[in-house]
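In what follows, a structure is listed as structure tokens, so that the remarks can point back to it.
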Amino acid sequence: MDQTDQMDQTDQTNQTDRRISHMLEGDIGTGRHPFRSIADTCGISEEEVLERIHRMKEAGIIRRFGAVLRHRKAGVTENALVMWATPPGQSERVGALLASHDEVTHCYERRPAFGGKYTLFSMIQCRKGTVEAFVRTLAPALGIDDYLILHSMEEFKKESMEYFGNE
């Protein structure tokens, strides 16, 4: 292979990687083969798409790859921020217990305390009408009876970051 052929191949590889990166900015497929549509669009195998994603991640081109669950479509229709008045020195223990539940999607400590006493914040997502019952069951297990539930009233749109624009 001469130098011109190598340059052409490198350019084609870069264009394919860029195209894959661009497609990863939006929704990908669901099911057993979520990367198949990307592979079909790029004219390569699904395995090659996964190899390229891995290589780009290793090279630092892709720093983070994650999913955004559209929880309302998945049947999770109620969520609330729950603030816990966690006793001093108990944040690690309580946080670990909260994080062990599938319904808890976020959990973090806040200093200074909100309202002078609420130091641990958790986001809880459940089916409609079950957040209160879940929190009432959870509170004794945590050893906390002072908490504040703030129900989400509206969901704002969720969109992936877009780095390459409409190429």
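Residues meeting the side chain to side chain contact (heavy atoms under 4.5 Å, CB included) test with A139, sequence neighbours left out: W84, Y147. Legend: residues meeting salt bridge (charged side-chain N to carboxylate O under 4.0 Å, His left out) with R110, ordered by chain and number and at least two apart, are absent. Partners of T86 under the side chain to side chain donor-acceptor pair (under 3.5 Å) rule, at least two apart in sequence or in another chain, do not exist in this structure. For R19, there are no side chain to side chain donor-acceptor pair (under 3.5 Å) partners two or more places apart in sequence or in a different chain. For D146, the salt bridge (charged side-chain N to carboxylate O under 4.0 Å, His left out) partners at least two apart in sequence or on another chain are K117. In this structure I44 satisfies the side chain to side chain contact (heavy atoms under 4.5 Å, CB included) test together with T16, I20, C42, E48, V49, R52, sequence neighbours excluded. Remark: L148 engages M83, Y118, L150 in a side chain to side chain contact (heavy atoms under 4.5 Å, CB included) (not counting sequence neighbours). Take R36 and apply the salt bridge (charged side-chain N to carboxylate O under 4.0 Å, His left out) test, not counting sequence neighbours, and it matches E46. Shown here are the salt bridge (charged side-chain N to carboxylate O under 4.0 Å, His left out) partners of R111, two or more places apart in sequence or in another chain: E109.
Among pairs with a residue in residues 132-145, those fulfilling side-chain hydrogen bond (donor to acceptor under 3.5 Å, both in side chains) read E132-H151, at least two apart in sequence or across chains.
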Verdict with reasoning, Q90 to R93, per side chain to side chain donor-acceptor pair (under 3.5 Å): CA-CA 5 Å; Q90 295 295 307; R93 179 189 66 80; 2.5 Å; yes
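Neither L81 nor F134 shares a network with the other; the hydrophobic side chains, linked directly or stepwise wherever heavy atoms of I, L, V, M, F, W or Y lie under 4.5 Å apart, form separate groups for each. Cluster membership for I124 and F121, using ILVMFWY side-chain heavy atoms within less than 4.5 angstrom, is not shared. By the criterion of side-chain heavy atoms lying less than 4.5 angstrom apart, applied directly or through intervening Ile, Leu, Val, Met, Phe, Trp or Tyr residues, V135 is grouped together with V94 in one hydrophobic cluster. Linking ILVMFWY side-chain heavy atoms closer than 4.5 Å, directly or via other members, places M56 and L50 in a single hydrophobic cluster.
Between I28 and M23, every side-chain heavy-atom pair lies at or beyond the 4.5 Å cut-off. Side chains of I144 and P87 form a contact here, defined as non-hydrogen atoms less than 4.5 Å apart. L24 is listed as a side-chain neighbour of I62, based on a closest heavy-atom distance under 4.5 Å.
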Just list the side-chain donor-acceptor pairs under 3.5 Å for residues 96-108, sequence neighbours left out, or say none.
unit_1: S100; atom_1: OG; unit_2: L97; atom_2: O; d: 2.6

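Closest heavy-atom contact between R63 and G60: CG-O, 3.8 Å. Taking both residues in full, the closest heavy atoms of M123 and S152 are given as CE-OG, 3.6 Å, listed atom of the first, atom of the second, then distance.
Taken from CG in L120 to CD in E92, the straight-line distance is 9.5 Å, to the nearest 0.5 Å.
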